[in-house]
Each structure stands twice: as structure tokens, then as C-alpha cells.
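Notes follow once the structure below has been shown.
Labels below follow one simple rule: chain letters A, B, ... track the order of the sequence lines, proteins then strands, and each chain is numbered from 1.
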Number of protein chains: 2
Amino acid sequence: MTPSSLHQLIEALRVLPGVGPKSATRMAYHLLQRDPGGAINLAHAIEYALANLKHCRRCNTFAETELCDICADPQRDAGKLCVVEMPTDLMMVEQTLAFHGLYFVLMGRLSPLDGVGAKDIALSQLLSRVADGEVAEVVLATNFTAEGEATAHYLAQMLQARGLAVSRIARGLPVGGELEHADPGTLAQALVERRPL
Amino acid sequence: MTPSSLHQLIEALRVLPGVGPKSATRMAYHLLQRDPGGAINLAHAIEYALANLKHCRRCNTFAETELCDICADPQRDAGKLCVVEMPTDLMMVEQTLAFHGLYFVLMGRLSPLDGVGAKDIALSQLLSRVADGEVAEVVLATNFTAEGEATAHYLAQMLQARGLAVSRIARGLPVGGELEHADPGTLAQALVERRPL
Ligand SMILES: [Zn+2]
Ligand SMILES: [Zn+2]
């Protein structure tokens, strides 16, 4: 009874992560009924992004050019390479202004349970990237989730076997954090990873 | 630092209801990285639906033809008109097989707090629809939310003033429902709306 083009739109919306049949239906009605202008804009933005975005040849983040702005910047310290899971993580690190090296974006993390293995993230590209003769230290900045930790562990072994210095960003209490409000796991980790003064 | 076509895609995704900056970003990466085929399909489905869907001239639901299948069916009882908020509500009523009349879809509900007034839903179209000389009873099947109730109240006054019989779908315990598990409001309503046997 649903017209087929409406049915197709509802089905098509379900490619979006976290969108089930109910919210896809709600989204379709919203687009058609309340915001056809936003809908056509969305269709064009998808087509434009797919046509124009590629991966930076050097760091694998999304870019419209062969080299992204950071990789093309001769001021960056080419001896340090920070490995992150996603482009958003790169932006978070960049916002700290505490890192002046270059990046490598895995575009994912190892997640055997979801069928994401070493071949599904950009590991071989990372290996050729670190073989440029300039990278001396790799800073692993994957998430502190089970999957991010497993990915860091795997990368560390692979990179150390190639004679590279490998480090991991620190875990601990947040700046301004009070022991009273820290979760026990983080506090335990802050104790284990204590630094000599 | 975000390439502009990626930025535009993230912004464009925010027209979807319930999608904020974080989930728009997650959706954009997912489309680009994991499902470009689904993404292009989504773009085409939006364009196709916008180009092909119109409102049924008679009942106002989405249709690809002048008249939807139900309105075009001469077997339906043209003396009864069931008024619902959205096309999904029409489908829910239709699935019961308990109603053989025709429908009218408001495509919304009165919601003064959200700025949705009488002009923003299809009230004037409903008034000309019920003036066809065939409709004798209007069954109000808007939701039992504050807004749906207010809409039903408003419609009832408007339709009764035009000499039409107006009814409201019943509230009460669900089929198979036990008093022990009913919420007090529903139980109270079931008492108030008790029927003589
Ligand atoms: Zn780059
Ligand atoms: Zn119709």
C-alpha cells in the first residue's frame, strides 16, 4: 500500500548507521512533508562528496586533493607519526596544539567480532608510510576501547619489529579531575601508569 | 580542516529529524567509508521520491497517482471517513481489517507550541472533502496524545457544525489486558467510557 518510491526511500535511509525501520519511516515523512529543500540538498551533498572526496595519499584521511593540508605543510615534524582511528580523532588531537608531527588515519579499528580484520583497515598502507626513512617515532592514539587497545597492541608489535620507536598516549585522570569523581578503572590505570617526578 | 564537501555532507545530514552534529558526522563517515553504494542509492531514492510522490487528491496521503489505491477502490464505503494524522496511522488502521470506509490524512496535528496551527495541516482540504454529499460519519483516529486529542476536539467542533456525525476511536484496556497491569489513566478512562451491555 506504500507507494513504491516512498518504500524505496525508507529502505534507502536504512543504510545510515543506527537507523531502523521506524526512524527511517519518520525521516522519510519528514523529508517529503516538512523539508523537501533540505532533502534535495542532502541528495546533492551525498553525490558531490562521493564524487570529490578521496583519501590523502600520505595519511589516508579524507581530502579533496592528493595531499591533505597537514601532509602538504613543510613545517610539520616528519619524524613523528600519530596513528588514529578516524578523521575526527585526527581533528581532536590537532585541536590540542600539542602535536606537531604528521598523522596516519586507519579509517577503522581491528574488530574481529564485526569481521573487521587487518585487511579492512589501512595497515599495509601504514607499513609503507613508515618506511619513508623519515618517521622515527609512531604515537599510537587509537581509542581506549577493547578494540582500540587491541589495534594499538597489534600495531606496536608490527612497528617495533621494523625498528621504530612506538609510544601510546597516556591514560589517567583528566586535567582538573578529582579522585573522588574518577571511575575506579581510570584511577587504577593512573596508579599503574604513574610517572617518576 | 574538514574538506568542504565532507563538511557540506555533514551539515546536509542534519536535516534528518533527531540527527545532531555527532551522529551526522558518524553517518557521513559511514556512507563514505563503508557504504558508498548505499549512499548513492540514498541520493537517488530521495530525488526519485521527490519527483514522483504527490498527495492523493482525495485523502491527502502520499501516492504516485492522482488517486491512491484505497480512494480509487469502488468497494469502499464512501459514507465513512476515518481521519488520521499520518500515512503510517492509515496503514495501522487498514491492517486491522475493521474499517471499510475511506480515509483522510492530516499530515500532522495541531501543535501550537511547535508553531503548527490550523493552516499547517490539511484542515481546509478536509472541509471540502467532507462536503462531497457522501460522507455521513467522520471517525477521528488521531493519537491519544495531548496534541492528537486537541486536534480531535477542534475537528469535532468544526465537523459537527457542518451537520456531520463525528465519532472518536475508543480508549480502554488492550485486548487480553489485565487490570493489574493497566496504567491508572487508561483504567480510569476505561471506566468513564464503559458501554452498556
Ligand atoms: Zn594527509
Ligand atoms: Zn487517497
Side-chain angles (χ1 to χ4, degrees), chain A residues 1-19 22-23 25-56 61-65 68-70 86-88 90-91 94-95 107-108, chain B residues 1-19 22-23 25-56 61-65 68-70 86-88 90-91 94-95 107-108:
Chain A
M1 214 160 49
T2 311
S4 71
S5 55
L6 176 57
H7 181 73
Q8 279 163 29
L9 175 58
I10 293 169
E11 286 302 304
L13 282 162
R14 295 192 55 194
V15 302
L16 297 171
V19 174
K22 272 215 157 174
S23 50
T25 304
R26 198 163 48 94
M27 285 174 170
Y29 287 133
H30 176 87
L31 291 177
L32 292 166
Q33 185 66 14
R34 303 257 172 248
D35 198 356
I40 204 73
N41 186 43
L42 173 57
H44 293 168
I46 291 170
E47 290 166 336
Y48 190 83
L50 285 171
N52 287 279
L53 282 177
K54 43 196 167 195
H55 292 278
C56 169
T61 198
F62 288 119
E64 284 163 349
T65 44
C68 74
D69 291 352
I70 295 175
M86 295 298 289
T88 34
L90 183 161
M91 281 181 259
E94 194 63 8
Q95 275 170 25
M107 290 288 178
Chain B
M1 215 160 51
T2 310
S4 71
S5 55
L6 175 56
H7 181 73
Q8 279 163 29
L9 175 56
I10 293 169
E11 285 303 303
L13 282 162
R14 294 192 56 192
V15 301
L16 298 170
V19 175
K22 272 216 157 174
S23 50
T25 305
R26 198 163 48 93
M27 285 175 170
Y29 286 134
H30 176 88
L31 291 177
L32 293 166
Q33 185 65 15
R34 303 256 171 249
D35 199 356
I40 203 73
N41 185 45
L42 172 57
H44 293 166
I46 291 170
E47 289 165 337
Y48 189 83
L50 284 171
N52 286 280
L53 281 177
K54 43 196 167 196
H55 292 278
C56 169
T61 197
F62 287 119
E64 284 163 348
T65 44
C68 73
D69 292 352
I70 295 175
M86 295 299 289
T88 35
L90 184 162
M91 282 181 257
E94 194 64 8
Q95 275 170 26
M107 290 288 177

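Put simply, of B:Leu13, B:Asn41, B:Leu32, B:Leu31, the one with the most heavy-atom pairs under 4.5 Å next to chain A is B:Leu32. Contacts with chain A were tallied for B:Cys68, B:Ala12, B:Pro17; B:Pro17 has the most, counting heavy-atom pairs under 4.5 Å. Contact count versus chain A (heavy atoms, under 4.5 Å) is highest, among B:Asn52, B:Ile40, B:Asp69, for B:Ile40. Heavy-atom pairs under 4.5 Å with chain A peak, among B:Arg26, B:Glu64, B:Arg14, at B:Glu64. With chain A as partner, the option from B:Gly18, B:Gly108, B:Ala28, B:Ser5 having the largest number of non-hydrogen pairs under 4.5 angstrom is B:Ser5. For the set A:Ala63, A:Ser23, A:Pro36, A:Pro87, the entry with the most heavy-atom pairs within less than 4.5 Å of chain B is A:Pro87.
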Show me the donor-acceptor pairs within less than 3.5 Å that the side chains of residues 43-51 of chain B make with the rest of the protein, sequence neighbours left out.
none

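Contact of A:Glu94 with chain B is made through the side chain alone, with heavy-atom distances under 4.5 Å. For a residue to count as touching a neighbouring chain, one of its non-hydrogen atoms must lie under 4.5 Å from one of that chain's; by this rule A:Ser4 touches chain B with backbone and side chain alike. For a residue to count as touching a neighbouring chain, one of its non-hydrogen atoms must lie under 4.5 Å from one of that chain's; by this rule A:Ile10 does not touch chain B. Only the side chain of A:Arg34 comes within less than 4.5 Å of a heavy atom in chain B; its backbone stays farther off. In this structure, no portion of B:His7 lies under 4.5 Å from any heavy atom of chain A. Using a 4.5 Å cut-off between heavy atoms, A:Thr88 contacts chain B through both its backbone and its side chain.
For A:Asp35, the side chain to side chain contact (heavy atoms under 4.5 Å, CB included) partners at least two apart in sequence or on another chain are A:His30, B:Val15.
Expressed to the nearest 0.5 Å, how far CE of B:Met91 lies from OG1 of A:Thr25 amounts to 7.5 Å.
Side chains of A:Leu16 and B:Val19 form no contact here, defined as non-hydrogen atoms less than 4.5 Å apart.
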Notebook entry, point to check: Between A:Leu53 and B:Leu9, does a side-chain contact (heavy atoms from CB on, under 4.5 Å) hold up when you go through it step by step?
Noted result: CA-CA 11 Å; A:Leu53 282 177; B:Leu9 175 56; 5.9 Å; no

